[in-house]
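Counting starts at 1 for both ligands and their atoms, in listed order.
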Amino acid sequence: MSSSVSVANDNGVAVVTIDNPPVNALSFHVRKPLYEALTGLRDDPAARAIVIACAGRTFVAGADITEFGKPVQQPELRAIIALLETVPKPTVAAIHGTALGGGLELALGCHFRVAEKSARLGQPEVKLGLLPGGGGTVRLPRLVGPAKALAMIVSGTPISAGEAKAASLVDAVVDSDLLAEAIRFAREMADRGGPFVPVRERNERLVETDLAAFDAQAAELAKKARGLEAPLACTEAVRNAITLPFDAALAAERQLFQKLVSGDQSRAQRHLFFAEREAAKVPGKDLQKRRITRVGIIGAGTMGGGIAMALANGGLPVTLLETSEEALQRGLATIGKNYAVSVSRGSLTEEARQQRLGLFKGGTDYADLADCDLIIEAVFEDMAVKKDVFGKLDTIARPGAILATNTSYLDVNEIAASTSRPQDVLGMHFFSPANVMKLLEIVRAEKTAPEVLATVADLARRIGKVAVVVGVCHGFVGNRMLSARGAENEALLLEGATPAQVDKAFTDFGWPMGPFQMGDLAGLDIGWRNRKARGQTAVIADTLCEQGHFGQKTGSGWYRYEAGSREPVADPDVEALIRAKAAELGIARREIGADDIIERTLYPLVNEGAKILEEGIAARASDIDVVWVNGYGFPIGKGGPMFWAGLEGAGRIVERLEYWRVRTGRPIFEPAPALRRFAETGAWEGAGVR
Ligand code: COA
């Protein structure tokens, strides 16, 4: 007996309860007493059956992630499962909450699984750059079949208890009284008598497998892996389960696991797991939150509509405000269409669509927002317009309502100052499409009250966003660093690269697309308008825009697009334009390698991140990583720019920045003091101002 594992006897059924808050992870201090308890019960005549259950909010949600990468303390989970499989009496896992990773593997070590209706079961290890290392890749296919197991293990997405029952992963689903039902089930099995066959010996699903179909499924999945090792290793391990004897497949799984767990990609993904949870810890999180029962959105365009959907998806009633009935109806129609597409794709039920549409209310008068607890403005990105909106809000919003701006760049302090209640004002910077993109930058202005910040952070979680609190500066964390990343783009072209070469260096790095392809997708006119507003120029991009080449929407931009196609095709006219501009400016063109491209785009990105830390705009380096992975497609296998800087070597980054500064004379390459310190100490120091 220990505080983490206890044993009770319910009329001949032993109940082993794991109690390791918050998620019953299988830490060493759980494994040891669990192993000892099971050893004792195996030979205990007073126990005719064994139920493994958990206290608290969930069944075991996995191995203890903090132990990965450290020396393993015995007994390992694999030993516990091996022991379970030698138990001659029925063993039953009683599952509530989430049985994830090592938790599901532990349950697979039992003869039977009984789950509460709301439970979810999955192998999410791939999201940590790993594969299930406790036999999941060899046992799960034996129950659900290799195709289903592969889908579950490579996606990492958990399935519901109902789906698990249909797939033979669980033996019974119960509405309530899980423990009593599991005990009843165990007793019934004991009464019925053995032999009880452990999962390792259940080979029927494997024998009937069509290996060619499996390989075709695996090849499809491999296409989506984009440089990540874990999905491929998962595939290999599940295939081994079909082609190798059980113990050989188990040994191969272990080898693959060891390789992944000691690699940089898994380290990076584990870093991101904790980084996201760390980012959620905002100052004032224990304060009494403000009530949010209805949200107002000003502007029903792409951004406002997307934000409204994000909120309705989280179950919140929304009032959409537009300047005219016509614009309002247009916005509502787009929302209706988007939901209809989700239904036709099968990602939303008709019932859920109806329920969500029922959450929307429209209005054209600011007074319609008087009953809202939070009002988010998503109007044109212009300071005068925003101030006007906030001035109006100040007169109609109820006292204590939170007023948020969705600005991507503007000074939130200035916006707050246009109201008489700056303590209630903050930025909520959503990313487009707002109903899809996970990231939310919560911009804390100088006077934002702590409980306002905490309330919005809570709300973000409620609607499934990954929120990061940032300070006020032009572009906040994400867009400010994006500008630094793009500062050299045109210079690279003028000096000899083509848009396709730059984009390829990016996709080879692991980005979903390069900056020029991205520009064409977003529309080149947006940047052009911004530059004009700020008195800036970009010789090539400006010329393209002057000629009406705005990207995909006009069929040409940095690339050419065939009618109806999104496939970029190199455009000789653009290349001629680049050559002509280079000649005009007297720039001699040369071969530009992928290394140069990375150094001149991603090193300034990291450098800007260092400045952001120095200024306290972000509280921690890991917050910046969370922004870049969730909002801009930074490859997860590299952990975000600040984590990647460590992999790349901060000393090297400083050295190469200095080299480029001397060579180009441009201040963007001046290494930030925080980057130099990182190079010396190996740790980012956040200013921690929040
Ligand atoms: N090992 C160690 N710590 C873990 C953990 C694990 N497997 N799973 C969660 N935690 C910690 C979190 O870091 C967090 O700690 P904090 O409060 O100090 O920040 C705390 O448990 C609560 O987790 P959180 O994710 O905030 O709770 P939730 O209720 O939103 O979600 C889970 C619960 C279980 C769904 C989620 O934590 C999860 O997905 N965990 C990882 C599951 C996994 O990958 N298992 C396989 C590991 S091989």
Checking the N or O distance criterion of under 3.5 Å, is ligand 1 in contact with Glu125? no

Between Arg461 and ligand 1, find which residue part has any heavy-atom pair under 4.0 Å and reply side chain, backbone, both or neither. side chain

Under 4.0 Å between heavy atoms, the region of Arg57 that gets near ligand 1 turns out to be side chain

Considering heavy atoms of the protein only, find what lies nearest to atom 39 (O) of ligand 1 and give residue, atom and distance to 0.1 Å. Leu100 CD1, 4.0 Å

Contact check: Thr66 vs ligand 1, nitrogen or oxygen atoms, below 3.5 angstrom: no

Looking only at protein heavy atoms, identify the closest one to atom 9 (C) of ligand 1 and say how far it is in Å. Val23 CG2, 3.6 Å

Considering only residues two or more places apart or on different chains, which pairs with a residue in residues 127-142 satisfy side-chain hydrogen bond (donor to acceptor under 3.5 Å, both in side chains)? Glu85-Arg139, Thr137-Glu253, Arg142-Asn203

List ligand 1 atoms under 4.0 Å from Asp64, heavy atoms only on the residue side. 1 (N), 2 (C)

Closest to atom 45 (N) of ligand 1 by heavy-atom distance, out of Gly156, Ala61, Ala25, is Ala61

Please list all pairs meeting side-chain hydrogen bond (donor to acceptor under 3.5 Å, both in side chains) that have one or both residues in residues 238-250, counting only residues at least two apart or in different chains. Arg200-Asp247, Asp215-Arg239

In terms of the angle between their ring planes, are Phe509 and Phe634 parallel, tilted or perpendicular, with boundaries placed at 30° and 60°? perpendicular

For atom 16 (P) of ligand 1, the protein heavy atom that lies nearest, with its residue and separation: Lys281 NZ, 3.6 Å

As an exercise, state the distance from CG of Leu179 to OG1 of Thr17, rounded to the nearest 0.5 Å. 6.5 Å

Tell me, please, whether Phe274 has Arg270 positioned over its six-membered ring: NZ or CZ under 6.0 Å from the ring centre and within 45 degrees of its axis? no

When every non-hydrogen atom of Lys281 is compared with those of Arg620, the smallest separation belongs to O-NH2, 3.8 Å

Please confirm whether Pro22 comes within less than 3.5 Å of ligand 1 when only nitrogen or oxygen atoms on both sides are compared. no

Examine the proximity of ligand 1 to Ile65 and report which part, side chain or backbone, both or neither, has a heavy atom under 4.0 Å away. both

Indicate whether the side chain of Ser342 and that of Arg353 have a donor and an acceptor atom separated by less than 3.5 Å. no

Shortest heavy-atom approach to atom 13 (O) of ligand 1 - which of Arg120, Gln269, Glu278, Arg277: Arg277

Atom 46 (C) of ligand 1: of Ala99, Gly122, Gly101, the nearest heavy atom sits on Gly101

Report yes if some heavy atom in the side chain of Gln217 is under 4.5 Å from a heavy atom in the side chain of Val154; otherwise report no. no

Pro124: heavy atom below 4.0 Å from ligand 1, yes or no? yes

Can you tell which part of Leu128 has a heavy atom less than 4.0 Å from ligand 1: side chain, backbone, both or neither? side chain

Quick one: look at Phe68 and ligand 1, take heavy-atom pairs under 4.0 Å, and tell me if it's side chain, backbone, both or neither. side chain

So, is Ala63 polar-close to ligand 1, with some N/O to N/O distance under 3.5 Å? yes

Side-chain H-bond candidate by donor/acceptor type, Glu441 with His429, under 3.5 Å: yes

Please verify the inter-ring angle class for Trp628 with Tyr632; under 30° counts as parallel, over 60° as perpendicular, anything in between as tilted. parallel

Strictly less than 4.0 Å: does any protein heavy-atom distance to atom 42 (C) of ligand 1 fall in that range? yes

Take Arg461 and Asp458 through the test salt bridge (charged side-chain N to carboxylate O under 4.0 Å, His left out) and record every step on the way to the result. CA-CA 5 Å; Arg461 193 176 162 97; Asp458 249 24; over 6 Å; no

Which of the ligand 1 atoms, numbered from 1, are nearer than 4.0 Å to a heavy atom of Phe274: 13 (O)

More than 12 heavy atoms of other residues, nucleotides or ligands under 6.0 Å from CD of Gln288: yes or no? no

